[in-house]
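Reviewing the structure listed below.
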Amino acid sequence: MADDEDEGLGLIPELYKPPALLPIAQLKDALLYTIETYPVTIIVGETGSGKTTQIPQFLLKAGWTSDGSVIAVTQPRRIAATSVAARVAEEIGCQLGQEVGYSIRFEDVTSAKTQIKFLTDGLLLREMLVDPLLKRYSVVMVDEAHERSLSSDILLSLLKKIMRKRPELRVVVSSATIEAEKFLEFFAPEEEEATNKQAKSDFGHIISIEGRMHPVEIQYLAEPVSDYVERAVQTVLDIHTTEEKGDILLFLTGREEIEDAIDMITDRIPDLGPGYQTLQPLPLYAGLSTDQQMYVFQPAAENTRKVIVSTNIAEASVTIDGIGYVIDCGFVKLRNYDPGLGIERLSVCPVSRASATQRAGRAGRTRPGKCFRLYTESAYSTLPETTFPEIQRSNLAPVILQLTNLGIQNVVRFDYLSRPPSQLVIRAIDTLYSLGAVDDQARLTKPLGARMADLPLEPMLAKALLNAPNFGCLPEMLTIAAMMTLQGTTFVSHDGNKKQEDKAKRRFAVEEGDHITLYNVYEAFVSQGKKDAQWCREHSLNFKALVKAMSVRKQLKNQLERLGIAETVSIPAAHVSRVGPMSMTERVRRCLTTGFFAHAARMKPDGTFQTPSGSATLYVHPSSIFFHRKADWVIYHEIMETKNKIYIRDLTTIEMDWLVEYAPEYYRVRQR
DNA sequence: AGTGTATAT
């Protein structure tokens, strides 16, 4: 890990500071005592406190794995699980995968010797399907719980349930913010459960660890602004001309704003006049290809100041060294699910104070920094304290299916950390009922519901895939299901060449729609472009995404085989007479309809779509082949509202009659 | 008519 900026030994002193000097080392005894004494320990520690790397090692040395148990540490992101595991393995002096390992989807780097295991919280949830009480673990540490992701919230609820049956289990919840009290209160036993011997306060404890952050000076605007992109650009140039060295990190809400801001900065650089360093604006958002993202991590050239213009990705998911200045526009794009309409909405919302703090902290990682907030101090005080938990603004159908499969009897009265609005839960149950995954008492159906829950797919897609053998199109549907999980990342425009991307897309396009078009892409990739990044480049395809599709397809295939559904299975006798002579594309289209009947629409002469009830106008997403072509009835994979327009993505043509044939109950009411 | 914050199984 050479660093160009470092002279001499090439070592960065802070990185090599022995763990014993971390603030957390002083708390070691108190920590171990607390974990020994109380079932629940809440750790409040800022970035740099060493909590993630040190606590598992303390527990290991204190004997928490001496009976053969494992210490689990969950992370919200795959990258964190792998990198932290590598770091701890190095500190302990073992090979990764031996005493210290990690497990993420498609990668299990653990062995029989593994005592500390880092994994994503989503994967630990999956493990509960085979080990409901998580018996192999003596301690489960849930890291970054303050982010309130859907899976860490659910995980905490289930851990609380498990603890009643396993009093010896220890739960450590680690959080960077002030939510500690809420977490502790959540784990406290109900009044009637608390015996005299065990009062509420005996149940858990909060421990705070000081971080090693440098101070960040915060500046607010005196007056609010209406155009924060313009103001952000001005601030960038002001910092560049008046402040000392240090890169700039500018938070905006999305790709369009980022590109606008970069154009504006580039346009104004000549006006600065001579005598200043070079200013190098760089975009950062998840939609960029990996090589385009790499630029932001490279140290700037001599006499150059980087300006990284980023979405929320730089708030927690990605860390860039050398940032001295942060500019925070005060907004973020958040996904919201509208249970009434059954659509997701991507809307620009004010950030929470917790987010604003996290953004500011990005300036103080290596030295004292400054943060410029493009809003007034009084506006700051009116911001919500924390971001609305994901569980209160998501489509809950997948979660409810999973909880039901884990044996949760009543998903409405389930012990949520933050209760989702009942509308969300009701809508989820309705969806699952219409798909046949639960019965009219909201109980899991067998085998259909249980099988759907076993698959790592959204319920509608799981239903369609499980129906594939009935249409004799299992190999095709496996591919389509795998391609759907790429969520629109199949095509990329290399070097920003949009026209070339459109042209490449047309090459694979078929009149039946996007699903079969993506099937063609996958087939071409496997036969011609597999392990050939250059072929992908020529066809504007995302190599990494297609490799992932291959992994997903293989995983789905294995999972179905375990359910007794083999890829080569022939059409069941009862169906042969009906689907035997059909073309493969018709089988696939019918099969998709059995899962996505609720996502039906019909094209109007002007090229927009209408819902079956005619209540809303839907726009074809420009990534669809029907952006340029005509269609009649279609089903679509996804629906989302942005900028007051509802877009549908991944469309396939169907016959209206199929809706009634495959979903008679769902469409009966509207037919009359 | 012209597009998607981020993450996970």
Query raised in the report: Only one of A:L546, A:V552, A:D650 forms a side-chain contact (heavy atoms from CB on, under 4.5 Å) with A:M483, so which one is it?
Result: A:L546
Query raised in the report: Taking the six-membered ring where the residue is Trp, are the ring centres of A:F331 and A:Y228 under 6.0 Å apart?
Result: yes
For [N], does OP1 or OP2 lie under 4.0 Å from any side-chain N or O of [X]?
| X | N | value |
| --- | --- | --- |
| A:T120 | B:dT9 | yes |
| A:K645 | B:dT3 | no |
| A:R78 | B:dT9 | yes |
| A:S151 | B:dT9 | no |

Query raised in the report: Of the candidate nucleotides B:dG2, B:dT7, B:dT3, which contains the atom at the shortest distance from the side chain of A:I313?
Result: B:dT7
Report summary line: From the candidates B:dT9, B:dA6, B:dA8, the one with an atom nearest any side-chain atom of A:P456 is B:dT9
Report task. Would you kindly compare A:I104 and A:L346 by the position of their nearest DNA chain B nucleotide and give the one closer to the 5′ end? Result -> A:L346
**Report entry** Nearest-nucleotide 5' precedence on DNA chain B, A:L334 against A:Q75
**Finding:** A:L334
Report task. Using a 4.0 Å heavy-atom cut-off across all strands, classify A:Q555 as base, sugar-phosphate, or nothing. Result -> nothing
Query raised in the report: Is any NZ, NE, NH1 or NH2 atom of the basic residue among A:R365 and A:D321 found under 4.0 Å from an Asp or Glu carboxylate oxygen of the other?
Result: yes
Query raised in the report: Parallel under 30°, tilted from 30 to 60°, perpendicular over 60°: which one fits the rings of A:H515 and A:H637?
Result: perpendicular
Report task. Please work out whether the ring planes of A:Y416 and A:F414 are parallel, tilted or perpendicular, with thresholds of 30° and 60°. Result -> perpendicular
Requested in this report: For DNA chain B, write out the stems as range with range, using runs of 3 or more consecutive Watson-Crick or G-U pairs with both distances under 3.5 Å.
Outcome: none
Query raised in the report: Is the aromatic ring centre of A:F627 closer than 5.5 Å to the centre of the six-membered base ring of B:dG2, with the two planes inclined by less than 30°?
Result: no
Query raised in the report: Can you find a donor-acceptor N/O pair under 3.5 angstrom joining the side chain of A:R77 to the base of B:dT7?
Result: no
Query raised in the report: For A:P283, what residues pass the side-chain contact (heavy atoms from CB on, under 4.5 Å) criterion, not counting sequence neighbours?
Result: A:I258, A:I262, A:Y285, A:L288
**Report entry** A:R506 CZ to B:dG2 C1', straight-line distance once rounded to whole Å
**Finding:** 14 Å
